[in-house]
Number of protein chains: 2
Amino acid sequence: MTADGGPDGAEPETNTGVLLFLPYRALENRVFAALAEAGFDDFTPAQARVLQRIGPHGTRLTDLAEQAQVTKQTAGFLVDQLEKAGYVRRVPDPTDRRARLVCGAEKAWAAKEVADGVVAQVEKEWAEHLGKRRMRQLREALTSLREITDPWA
Amino acid sequence: MTADGGPDGAEPETNTGVLLFLPYRALENRVFAALAEAGFDDFTPAQARVLQRIGPHGTRLTDLAEQAQVTKQTAGFLVDQLEKAGYVRRVPDPTDRRARLVCGAEKAWAAKEVADGVVAQVEKEWAEHLGKRRMRQLREALTSLREITDPWA
DNA sequence: TGACATTGGTCAGAGGCTCTGACTAATTTG
DNA sequence: CAAATTAGTCAGAGCCTCTGACCAATGTCA
């Protein structure tokens, strides 16, 4: 459903989806490897996708679920694990007694620091490969695209 | 681990990984929805990620696994489902009696046609938003990035 | 105010995905 | 030819994700 068209064979240009996905996955792999090497090996990719979306002042479960595109049951399940592993804690939401805010714990910020370092390194490598100008154009185009592809923008 | 940095608060520029992921996911969602609407609702996202990587002349299980970044056991499990659903068939590899080629069936090419249509449509929308020039630059930069991020390139 | 709909979240259960480990068969290497 | 490698399968366990049903707090509106 992607590249090198059906049985007919004429190789067209590569699907933009694949083009986006490849560097994304490469970056994610690098971050994960570095995190594991730094000792943050007690969470799974699924948990990370939730953890990543917790804001600095805490985020509601429902919002986490929506952003991660999973059901709130699934998000709750993952937050349970993260809580047990010490990455987050749940605190009452002062503005709504039904809700609780999922807040990052110290351990999460420490992991984030490692992750941010790797991201910066990879971005540097990319900038070296593309040249500063094309790297800037790339980020600029992607940022613009966000306007029509990110329901949360 | 991504945006709006830790407890310190200073909002830096958005992580390039997120920037790549957002449009990727938006595109994938569109393709999936269209496929389901066209009646191709009997396969899962995990199966699709394998199906997508089957070449026009068939691909070995081991290669599918490597490209999809799953174990060969997982790939085998998914191909089993796809085979039952009629999307693929396994044929002996004439060049190696241990191996079998996973080949797309008619149903897979039909689905691919639907998917390609949606991708083309979405790419058109993106080009309209960005302008032809920036769209070309985007694809060009991503293609270049592939050289250092795609182990299969 | 008081009924009703909405929203935040949990519990229970089922099914799907993915991994590790162990194994068979064919191929390649020395 | 013996040993190492490679393609693939089987079995079992654990994680992830969903649907459905439910409770409690909040919002809406006559």
Measure the distance from CZ on A:Arg100 to P on D:dA24 and round it to the nearest whole Å. 15 Å
Excluding sequence neighbours, so at least two apart, what forms side chain to side chain contact (heavy atoms under 4.5 Å, CB included) with B:Arg133? A:Arg133, B:Arg136, B:Gln137
From the 5' end of DNA chain C to its 3' end, which nucleotides mark the outer limits of contact with chain B, defined by a 4.0 Å heavy-atom distance cut-off (strictly under)? C:dC17 to C:dT27
Kindly give the cluster partners of A:Leu101, where membership spreads through any ILVMFWY side chain lying under 4.5 Å from a current member. A:Val91
So which pairs with a foot in residues 119-132 of chain A pass salt bridge (charged side-chain N to carboxylate O under 4.0 Å, His left out), sequence neighbours left out? A:Arg30-A:Glu125, A:Glu123-A:Arg139
Pair listing, ring-ring contact (aromatic ring centres under 6.0 Å, His included) test, anchored in residues 69-103 of chain B, at least two apart: B:Phe43-B:Tyr87
Please state whether the phosphate of D:dT6, meaning OP1 or OP2, lies under 4.0 angstrom from any side-chain nitrogen or oxygen of B:Arg98. no
Are any non-hydrogen side-chain atoms of A:Leu27 and B:Asn15 less than 4.5 angstrom apart? yes
Would you confirm whether B:Arg134, through its side chain, and B:Leu130, through its main-chain N or O, come within 3.5 Å as a donor-acceptor pair? yes
Would you say B:Leu142 and B:Leu20 make side-chain contact, with heavy atoms under 4.5 Å? yes
4.5 Å side-chain heavy-atom contact, A:Arg53 and A:Val50: no
To the nearest angstrom, how far is A:Gln47 atom CD from D:dT17 atom C1'? 14 Å
Taking both distances under 3.5 Å as the test for a Watson-Crick or G-U pair, what stems of at least three pairs does DNA chain C have? C:1-30 with D:1-30
Not counting sequence neighbours, which residues clear ring pair (Phe, Tyr, Trp, His ring centres under 6.0 Å) with B:Phe40? List them please. none
Quick one, which residues of residues 61-74 of chain B touch DNA chain C with a heavy atom under 4.0 Å? B:Val70, B:Thr71, B:Gln73, B:Thr74
Please list all pairs passing the salt bridge (charged side-chain N to carboxylate O under 4.0 Å, His left out) test where one or both residues lie in residues 77-89 of chain A, with sequence neighbours left out. A:Asp80-A:Arg90, A:Glu83-A:Arg90
Contacts of type side chain to side chain contact (heavy atoms under 4.5 Å, CB included), residue B:Ala99, not counting sequence neighbours: B:Arg60, B:Asp93, B:Asp96
For DNA chain D, what residues of residues 75-96 of chain B have any heavy atom nearer than 4.0 Å? B:Arg90
N/O donor-acceptor pair under 3.5 Å between A:His129 side chain and B:Leu145 backbone: no
Under-4.0 Å side-chain N/O to phosphate OP1/OP2 contact, A:Arg97 with D:dT26: yes
Which pairs pass salt bridge (charged side-chain N to carboxylate O under 4.0 Å, His left out) with one or both residues in residues 63-73 of chain B, sequence neighbours excluded? none
